[in-house]
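These figures come from a predicted structure and were not determined experimentally. Chain identifiers are assigned alphabetically (A, B, ...) following the order of the sequence lines, protein sequences preceding nucleic acid strands; residue numbering begins at 1 within each chain.
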Number of protein chains: 2
Amino acid sequence: MVAPTRARQARSIETRARLLAAARAVIAEAGIEGAAVDAIAERAGRTSGSLYGQFGSKAGLVVALLDESLDVVAERMLVDIEAATDLDGRLAALWRNFVAPPPTAQDWLRVEHEVWLWATRPGNDEVRARLAERYRARFAALGEALAGWAAEGLIDPAAPVDRLAALVVSTLLGLEMADRLEPGGMDEPTVVAALAALLGRR
Amino acid sequence: MVAPTRARQARSIETRARLLAAARAVIAEAGIEGAAVDAIAERAGRTSGSLYGQFGSKAGLVVALLDESLDVVAERMLVDIEAATDLDGRLAALWRNFVAPPPTAQDWLRVEHEVWLWATRPGNDEVRARLAERYRARFAALGEALAGWAAEGLIDPAAPVDRLAALVVSTLLGLEMADRLEPGGMDEPTVVAALAALLGRR
DNA sequence: GTCTATAGATTGATAGAC
DNA sequence: GTCTATCAATCTATAGAC
């Protein structure tokens with residue numbers, strides 16, 4: 001029989017997706033250590049048993065979440081960057097897409113922040129290595145886009161472009177925290193000006 | 001009798017200091033949720049009972065740690081800034097003092113990062129408000145120093161100085177994470193150049 | 001103010017049925 | 001692959017002696 005197997009597979013895939021989405025939401029609220037596996041499973045409409053079947057452990061779930069989150073955030077950044085026409089528009093889009101809208105609960109950047117801090121704790125060395133590796137790849141891609149900006153004559157970077165990309169992402173994470181500490185405390189013009197200065201606006 | 005009371009007070013003060021130092025170390029290693037009160041008390045050479053006697057709860061301890069940490073970090077920043085003679089020297093000192101030396105375990109900035117993330121979680125609103133208030137005061141002080149730089153003609157800031165201070169501290173926190181993810185990945189010249197660009201070097 | 005002892009709740013993870 | 005049931009470990013916090 002093939003059909004029942006297919007149906008099983010489909011349900012398994014959906015379970016995985018639901019657990020990842022639930023983990024993102026719960027971790028954004030409570031942090032990684034504060035997110036109980038039962039709470040995650042319950043929000044996903046499953047039980048903790050299925051979580052262990054899918055990911056083996058809580059750490060395994062977090063790593064899977066890390067992989068997914070990194071891809072999504074990186075792709076969104078690139079889309080934002082290429083959609084806008086001028087430098088200010090591009091930088092504003094970058095900022096707005098990740099920090100501004102708390103109603104739709106854009107938990108992506110927040111979760112990335114939690115995972116980053118978690119991965120850099122002593123003892124999580126394998127995870128940190130994996131995360132560092134993935135970030136290198138992301139910085140390279142973002143660096144290419146920035147090289148394009150430089151070719152267009154929009155910016156005049158002082159540092160190598162891939163290092164510049166690391167600088168931009170780090171700054172965004174820091175600014176995201178400042179904005180969360182005091183919502184609205186970081187207004188868009190200030191952020192855009194800061195990023196433009198970092199990139200060496202022409 | 002007065003002497004025994006004095007001795008009691010002295011021991012109480014020492015207990016408080018030891019618990020705070022132990023909390024800093026354990027939280028830097030394991031995060032806030034991952035730091036067990038027994039582990040903190042044990043490292044301080046006390047028991048969890050004394051912790052509750054001093055701080056009432058684990059959250060109370062973290063808040064006390066937050067207050068102390070904020071003061072120390074802020075004062076160090078100002079000292080660094082005023083010790084150096086030129087702009088690059090000042091910015092390099094800022095960076096070096098907090099991120100570079102992991103042997104002596106400068107856990108301050110790391111703990112501040114953990115606390116910041118913790119305080120901005122939903123449900124910790126009172127703590128977040130307190131932290132935001134304290135940061136406002138710190139940013140004002142750091143802003144004054146930056147205003148001095150501007151008066152000296154070292155920088156030409158695009159944003160108001162207190163907002164600029166928030167920008168600098170946020171960026172430092174972001175860069176600290178990048179450096180921790182890949183130690184040495186953020187070299188000092190790049191960081192100094194980034195901060196100088198942010199401040200509007202003349 | 002600090003200790004010992006312990007309560008009471010919650011945690012991550014496993015075993016076995018289906 | 002998912003569920004039910006459950007274990008052992010760990011956690012925060014409290015009570016009472018000193």
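- Salt-bridge annotation for Arg11(A) and Glu14(A): absent, with no side-chain N of the basic residue lying under 4.0 Å from a carboxylate O of the acidic one.
- Salt bridge status for Arg43(A) with Glu29(A): present, with a side-chain N to carboxylate O gap under 4.0 Å.
- Of all heavy-atom pairs between Leu70(B) and Arg134(B), the closest is CD2-CB, 3.0 Å.
- Taking each heavy atom of Asp107(B) and Ala25(B) in turn, the nearest pair found is OD2-CA, 4.0 Å.
- The ring-ring contact (aromatic ring centres under 6.0 Å, His included) pairs that include a residue from residues 11-68 of chain B number zero, where partners must be two or more places apart or lie in different chains.
- Near DNA chain C, meaning a heavy atom under 4.0 Å away, the residues from residues 33-44 of chain A are Ala35(A), Ala36(A), Val37(A).
- For the segment residues 54-64 of chain B, the set of residues with a heavy atom within less than 4.0 Å of an atom of DNA chain D comprises Ser57(B), Lys58(B), in numerical order.
- In terms of heavy atoms, Ala145(B) sits closest to Leu78(B) at CB-CD2, 4.0 Å.
- For residues 10-18 of chain B, proximity to DNA chain C is found at Arg11(B), Ser12(B), Thr15(B), defined as any non-hydrogen atom under 4.0 angstrom from a strand atom.
- For residues 121-145 of chain A, the set of pairs meeting the ring-ring contact (aromatic ring centres under 6.0 Å, His included) definition, not counting sequence neighbours, comprises Trp116(A)-Tyr135(A), Tyr135(A)-Phe139(A).
- No donor-acceptor contact under 3.5 angstrom links the side chains of Arg90(A) and Thr85(A), judged on distance only.
- Summary of the strand contacts: Ser48(B) and Leu19(B) both lie near DNA chain C, and taking for each the nucleotide with the nearest heavy atom, the more 5' one is attributed to Leu19(B).
- The pair Glu144(A)-Arg138(A) fails the salt-bridge criterion, with no side-chain N (NZ, NE, NH1 or NH2) lying under 4.0 Å from an Asp/Glu carboxylate O.
- Shown here is Glu126(B), whose CD atom has more than 12 heavy atoms of other residues, nucleotides or ligands within 6.0 Å.
- Formation of a donor-acceptor pair under 3.5 Å by the Gln54(B) side chain with backbone atoms of Ser12(B) is found in this model.
- In the 5' to 3' direction, nucleotides of DNA chain D lying under 4.0 Å from heavy atoms of chain A begin and end at dG1(D) to dT4(D).
- Considering all non-hydrogen atoms of both residues, Leu117(B) and Thr120(B) come closest at O-OG1, 3.0 Å.
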